Amino acid sequence: MKGFYTPRNHPIRWLLIHWFRTDARDLPWRRTRDPYAIWVSETMLQQTRVEQCIPYFERFMAAFPTVHALAEATLDRVLKVWEGLGYYTRARNLHRAAQIIAHDRHGNFPRDVEGWQALPGVGRYTAGAVTSIAFDVCAPVLDGNVKRVLTRVFNIAEPPDDARVEQRLWELAASLASRHPHPGEFNQALMELGAQTCLPAAPRCPTCPAWHYCKARLLGIQDHLPVSKPKKSVPHYDIVVAAIKKRGRYLIGKRPLSGLLGGLWEFPGGKVQPGESHEQALQRELKEELGITIKVGKLLAVVNHAYSHFKVTLHVFQCCHLSGKPRPNIHTELRWAAPREFSELAFPKANLKFLPLL
DNA sequence: AATCCGGGGAC
DNA sequence: GTCCCAGGATT
């Protein structure tokens with residue numbers, strides 16, 4: 001009588017555990033119960049695929065093996081290891097939280113959801129993941145995978161990004177994890193199922209351990225769930241970038257810690273305004289940002305790049321410094337750097353694409 | 001409630 | 001090209 005299952009006694013509570021123990025991927029952070037390692041992995045995994053995280057996790061743990069090592073490191077070093085992973089606020093919050101744990105908490109990690117969620121960069125998902133996996137706390141997780149699995153298994157026809165629906169999904173996840181003997185394994189199994197089997201497009205229902213209990217599959221509507229809200233179109237900007245070379249060095253600036261690409265170094269430049277030539281835009285931006293006048297030389301590179309909520313085309317020009325001492329108006333720091341120093345500094349991906357040409 | 005915040009891989 | 005990923009902070 002499939003309709004009589006409640007979340008607290010639902011068969012998937014143990015079916016997924018058995019499936020997970022035989023079919024789960026062997027991931028680096030699954031070989032430990034060190035709360036620090038699990039916390040680092042969960043932070044990297046926010047909005048980021050497992051395969052992309054693996055090399056970053058290995059390098060991060062080698063560079064900062066303990067919360068004390070991370071707390072004592074400079075933010076610039078942390079950002080360099082994080083370079084290319086995106087969402088750089090994660091790295092800064094991880095660093096800040098490590099200092100709170102190392103100093104304020106004398107190296108003691110929180111052991112409950114509330115304690116973890118009080119740390120910067122730790123929300124309800126990460127708090128639930130770390131406490132359930134590292135400490136066997138019966139806390140739920142709700143990520144993109146779990147949302148998809150639950151909307152299908154329980155045939156939830158409303159968009160899971162809607163606040164009310166999301167609240168209902170949290171309650172569902174909490175009921176499933178309630179008094180579970182292995183909450184961490186169960187939570188990982190839910191996510192693993194979403195990543196491996198209950199795929200966004202063309203879910204692999206014939207191999208799914210929840211096949212018999214999935215309401216969407218029983219109705220044949222698994223391909224139509226979850227329903228998503230309409231996406232907004234993203235704007236495109238033309239950006240001009242100056243590679244100002246003087247005695248073998250290039251002028252670069254460090255972006256402010258808050259906002260886009262916070263704390264990363266970049267080559268100066270800015271948006272081309274309507275009706276403006278690339279040369280005019282570059283000269284205006286350099287005057288505004290650095291208080292200098294430049295001569296714009298040849299076009300070195302054109303780079304297309306997509307950010308989370310807009311797209312850009314970078315037009316990179318060789319430039320000469322004509323007059324004015326560079327002063328940081330929007331940057332926190334300026335510096336003349338030789339190409340051999342670039343490997344020590346953290347740059348945005350869009351800049352890394354043209355660095356080899358310099 | 002809506003927006004901001006990267007980058008990559010599958011399609 | 002589109003979609004969306006082991007989300008969180010800010011306004």
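In the text below, chain A, chain B and the rest are named by the order of the sequence lines, each starting its count at 1. Keep in mind that this is a model prediction, so the values were computed, not measured.
Ring pair A:Trp336/A:Tyr250: centre-to-centre distance not below 6.0 Å.
Checking B:dA1, B:dG6, C:dG8 against every side-chain atom of A:Gln46, the shortest atom distance belongs to C:dG8. For A:Leu260, whose side chain is taken as the heavy atoms from C-beta onward, the closest listed nucleotide among B:dG6, C:dC4, C:dA6 is B:dG6. In the set B:dA2, C:dA9, C:dA6, the nucleotide with an atom closest to the side chain of A:Lys229 is B:dA2. Across B:dG6, B:dT3, C:dA6, the shortest atom-to-atom separation from the side chain of A:Ser308 is found for B:dG6. For A:Lys349, taking side-chain heavy atoms from C-beta onward, the closest of the listed nucleotides B:dG7, C:dG1, C:dA6 is B:dG7.
Across the protein-nucleic acid pair, A:Asp161 atom CG and B:dT3 atom C1' stand 14 Å apart, rounded to whole Å. Rounding to whole angstrom units, NZ of residue A:Lys147 and C1' of C:dA6 are separated by 12 Å. The interatomic distance linking A:Leu264 (CG) with B:dG6 (C1') rounds to 10 Å, in whole Å. The CG atom of A:Leu45 sits 14 Å away from the C1' atom of B:dG8 (whole-angstrom rounding). Regarding A:Asn93, its CG atom lies at a distance of 12 Å from the C1' atom of C:dT10, rounded to whole Å. Atom OH of A:Tyr125 is separated from atom P of C:dC4 by 18 Å (rounded to the nearest Å). Here the C1' atom of nucleotide C:dC4 and the CG atom of A:Asp143 are 12 Å apart, to the nearest Å. Rounded to whole angstrom, the span from the CG atom of A:Leu94 across to the P atom of C:dG7 amounts to 16 Å.
Between A:Arg148 and C:dC5 there is a side-chain polar atom (N or O) within less than 4.0 angstrom of OP1 or OP2. OP1 or OP2 of B:dG7 sits under 4.0 Å from a side-chain N or O of A:Tyr88. Considering only side-chain N and O atoms, A:Lys231 lies under 4.0 angstrom from the phosphate OP1 or OP2 of C:dC4. Using a 4.0 Å cut-off, some side-chain N or O of A:Gln47 falls inside it from OP1 or OP2 of C:dG7. Within the structure, every side-chain polar atom (N or O) of A:His305 is placed at least 4.0 Å from both OP1 and OP2 of B:dG6.
Counting heavy atoms of neighbouring residues, nucleotides and ligands inside a 6.0 Å radius, atom CZ of A:Arg168 does not exceed 12 of them.
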Which protein N or O atoms sit under 3.5 Å from an N or O of nucleotides 9-11 of chain B?
none

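In the interface, the side chain of A:Thr48 is not paired with the base of B:dG7 through any donor and acceptor atom under 3.5 Å apart. You'll find a donor-acceptor pair under 3.5 Å spanning the side chain of A:Tyr87 and the base of B:dG6, going by distance alone.
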When the side chains of residues 298-305 of chain A are checked against the rest of the protein, which donor-acceptor pairs come out under 3.5 Å, sequence neighbours left out?
| unit_1 | atom_1 | unit_2 | atom_2 | d |
| --- | --- | --- | --- | --- |
| A:Asn304 | OD1 | A:Thr313 | OG1 | 2.7 |
| A:His305 | ND1 | A:Lys353 | NZ | 3.0 |

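Contact annotation for A:Lys311: backbone-only contact, meaning every heavy-atom pair under 4.0 Å involves sugar-phosphate atoms and none involves a base. At the heavy-atom level, A:Lys232 lies under 4.0 Å from the strands shown only through sugar-phosphate atoms. Looking at heavy-atom distances under 4.0 Å, A:Ile38 makes no contact with the nucleic acid at all. Note on A:Leu261: only backbone sugar-phosphate atoms sit closer than 4.0 angstrom, heavy atoms only; bases stay farther off. Note on A:Arg25: a base of the nucleic acid sits closer than 4.0 angstrom, heavy atoms only. Among the protein residues, A:Thr126 comes within range of the sugar-phosphate backbone only, with heavy atoms under 4.0 Å from sugar or phosphate atoms but none that close to a base. Contacts of A:Gly259 with the nucleic acid, taken as non-hydrogen atoms under 4.0 Å apart, involve only primed sugar atoms and P, OP1 or OP2.
Here A:Asp23 contributes atom CG and A:Thr207 contributes atom OG1; the two are 8.0 Å apart, rounded to the nearest 0.5 Å. With rounding to the nearest 0.5 Å, the separation of CD in A:Gln117 from CG in A:Leu119 is 10.0 Å.
Each of A:Trp29 and A:Val122 was matched to the nucleotide of DNA chain C holding its nearest heavy atom; the match closer to the 5' end belongs to A:Trp29. Sequence order on DNA chain B of the closest nucleotides to A:Thr89 and A:Ala163 puts A:Ala163 first from the 5' end. Where A:Gly194 and A:Gln117 each meet DNA chain C at their nearest nucleotide, the meeting point lying more 5' is that of A:Gly194.
A salt bridge between A:Glu276 and A:Arg284 is present, with a side-chain N of the basic residue lying under 4.0 Å from a carboxylate O of the acidic one. The pair A:Glu83-A:Lys349 does not meet the salt-bridge criterion, since no charged nitrogen lies less than 4.0 angstrom from a carboxylate oxygen.
Taking atom P on both nucleotides, C:dA6 is separated from B:dC11 by 14 Å, rounded to a whole Å. C:dT11 sits 15 Å from B:dG6 when the P atoms are compared, rounded to a whole Å.
Ring orientation note: the planes of A:Phe267 and A:Phe354 are nearly perpendicular, at an angle over 60° on the 30°/60° scale.
The two residues A:Phe317 and A:Val240 make their nearest non-hydrogen contact at CE1-CG1, 4.1 Å.
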Handout entry: Derivation of the salt bridge (Lys or Arg N to Asp or Glu O under 4.0 Å) call for A:Glu166 and A:Lys147
Key = CA-CA 8 Å; A:Glu166 187 170 313; A:Lys147 283 181 181 176; 3.3 Å; yes
